[in-house]
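Note that ligands are numbered from 1 as they come in the structure, with each ligand's atoms numbered from 1 the same way.
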Amino acid sequence: MYLRHLQVTDFRSWPLADLALEPGPVVLVGQNGRGKTNLLEAIGYVATLGSHRVATDAPLVRHGCERALIRVAVVNEDRELTVELEITPGRANRARVNRGAVGKPRDVLGILRTVLFSPEDLALVRGDPSERRRFMDELLVLRAPRYAGVRADYEKVLKQRNALLKTAGKRRTGREDPYALSTLDVWDDHLSVAGAQLLAARLNLIADLAPYTADAYMGVAPDSRPAKIAYKSSLGEALPPSYGVPGGERAEADVLRELLLKALADTRRQELERGISLVGPHRDELELILGEAPAKGYASHGESWSFALALRLGSYELLRAEAGEPVLLLDDVFAELDRKRRARLAEVAAGAEQVLITAAVAEDVPEELAGARFTVADGEVNRV
Ligand SMILES: Nc1ncnc2c1ncn2[C@@H]1O[C@H](COP(=O)(O)OP(=O)(O)OP(=O)(O)O)[C@@H](O)[C@H]1O
């Protein structure tokens with residue numbers, strides 16, 4: 001797939017930006033702070049309904065404006081769809097496809113698939129487990145959009161259950177509340193349904209992604225120790241060992257639901273004492289292993305970068321193999337990479353159906369990616 005057109009209105013620093021695009025490499029060149037990343041962020045937002053830089057929508061709307069608009073025309077196998085998103089912080093976003101309203105913004109997921117690699121990705125390796133959970137869930141949704149709903153359900157149930165755990169335990173009144181305790185059974189049930197679906201999907205995702213990531217790492221850092229990814233579940237030993245591993249059994253939500261219910265029953269006392277949910281996908285981790293050691297805390301800066309890049313390139317290859325090419329977005333990354341890694345990334349990017357690249361100076365972009373070029377300056381973006 002590729003983007004044929006991008007228009008943003010009152011998005012970040014842009015009152016208006018309008019770009020006619022084409023397949024192949026598209027390079028956006030401009031000095032720091034001119035709004036290049038903002039354009040990639042807008043594209044990424046249509047694919048994931050979120051920003052790779054901020055957790056809330058407010059910073060996405062231009063200072064002093066009420067709402068931001070993003071419009072993209074996406075061509076997928078000769079079929080073109082126009083997606084429009086209106087972002088109004090504090091209110092539900094509105095979405096239109098081919099100028100017709102859709103039920104929920106979530107309905108646009110799947111129309112545009114992107115893989116974005118950016119300087120923020122170092123946090124995938126060095127940051128908290130929540131960064132890696134977000135990575136998995138975003139990829140899950142790109143792979144199968146229905147998981148956006150599953151994830152939203154899980155988060156809603158988790159919030160309610162945590163609120164109940166706080167009131168049901170002895171923490172505030174010194175006594176357990178019997179009514180709240182019986183309601184907890186109902187929430188355990190809800191949590192296990194959404195939790196098992198999310199967990200099964202993540203385990204299957206990691207089983208499928210692992211070989212692509214290992215290969216991508218070998219490609220970018222052939223002299224380094226091999227890289228491995230593994231799903232670590234809060235179910236611990238109870239998780240069937242054949243789940244979540246390449247070539248293993250496909251994880252089944254029904255099986256996981258029973259295991260989650262048992263684990264919830266086993267930890268209830270502890271949960272009541274602490275007032276939070278202690279088992280479920282929100283406590284899980286994606287382990288990144290280099291040689292025998294965890295990448296976090298042990299990997300060098302260069303190795304961490306390679307791992308982050310391998311996770312993105314692996315995602316790109318997985319999506320490409322399953323559902324056709326996603327659009328590749330490379331935000332200011334070439335300047336950060338050494339010669340070998342640059343060459344490998346350039347090789348993959350040169351073969352992409354479409355890749356959008358930002359750089360401060362044109363010389364940062366490898367020669368094989370010299371394609372359509374835009375300059376970004378003074379609130380304007382112009383085709384060179
Ligand atoms: N909501 C907003 N309203 C107005 N301006 C904003 C908003 N959010 C960010 N900006 C401005 O956008 C600019 C940053 O744009 P962006 O991150 O796209 O830069 P860039 O061209 O990618 O630069 P770099 O090469 O440094 O990454 C900053 O000047 C910032 O003040």
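Checking side-chain atoms of Lys228 against main-chain N and O of Leu288 turns up no donor-acceptor pair under 3.5 Å. In this structure a side-chain-to-backbone donor-acceptor pair under 3.5 Å is missing from Thr114 to Leu116. With Ser224 contributing its side chain and Ala221 its backbone, the two residues share no donor-acceptor pair below 3.5 Å. Checking side-chain atoms of Arg151 against main-chain N and O of Glu138 turns up no donor-acceptor pair under 3.5 Å.
Under the 30°/60° scheme for interplanar angles, the aromatic rings of Tyr217 and Phe307 are found to be tilted.
Near Asp332, meaning under 4.0 Å from any of its heavy atoms, are these atoms of ligand 1: 25 (O). Near Arg34, with a cut-off below 4.0 Å to any heavy atom, the atoms of ligand 1 are 19 (O), 20 (P), 21 (O). Atoms of ligand 1 found under 4.0 Å from any heavy atom of Val61, numbered from 1 in the order shown, are 1 (N), 2 (C). Shown in contact with Asn32 at under 4.0 Å from a heavy atom are these atoms of ligand 1, numbered in order with element: 23 (O), 24 (P), 25 (O), 26 (O).
At least one side-chain heavy atom of Leu28 sits less than 4.5 Å from a side-chain heavy atom of Leu19.
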Distance-only check: which donor-acceptor pairs under 3.5 Å involve side-chain atoms of residues 275-283, not counting sequence neighbours?
| unit_1 | atom_1 | unit_2 | atom_2 | d |
| --- | --- | --- | --- | --- |
| Ser277 | OG | Arg161 | NH1 | 2.8 |
| Ser277 | OG | Asn162 | OD1 | 2.7 |
| His282 | ND1 | Tyr154 | OH | 2.8 |
| His282 | NE2 | Ser277 | O | 2.9 |

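Looking only at heavy atoms of the protein, atom 12 (O) of ligand 1 is closest to Asn38 ND2, 3.2 Å. What sits closest to atom 8 (N) of ligand 1 on the protein, heavy atoms only, is Arg12 CD, 3.2 Å. Closest to atom 23 (O) of ligand 1 among all protein heavy atoms lies Gly33 N, 2.6 Å. Looking only at heavy atoms of the protein, atom 5 (N) of ligand 1 is closest to Ser13 CA, 3.5 Å. With hydrogens left out, the protein atom closest to atom 27 (O) of ligand 1 is Thr37 OG1, 3.6 Å, a heavy atom.
Within the structure, ligand 1 has Pro59 among the residues with a heavy atom less than 4.0 angstrom away. For Arg53, the heavy-atom gap to ligand 1 drops under 4.0 angstrom. Heavy atoms of Thr358 come nearer than 4.0 angstrom to ligand 1 in no pair at all. Contact analysis puts Gly35 in contact with ligand 1, with a non-hydrogen atom separation below 4.0 angstrom.
Considering backbone and side-chain N/O of Lys36, one or more are found under 3.5 Å from N/O of ligand 1.
When heavy-atom distances to ligand 1 are checked against a 4.0 Å cut-off, Leu39 has no atom that comes that close, whether in backbone or side chain.
Using a cutoff of 4.0 Å between basic side-chain nitrogens and carboxylate oxygens, Glu273 and Arg268 are not scored as salt-bridged. Salt bridge Glu303/Arg225: present, at least one basic N to carboxylate O contact under 4.0 Å.
Put simply, atom 31 (O) of ligand 1 has no protein non-hydrogen atoms near it, under 4.0 Å away.
Among residue pairs with one or both ends in residues 229-255, those qualifying as salt bridge (Lys or Arg N to Asp or Glu O under 4.0 Å) are Asp208-Arg250; sequence neighbours excluded.
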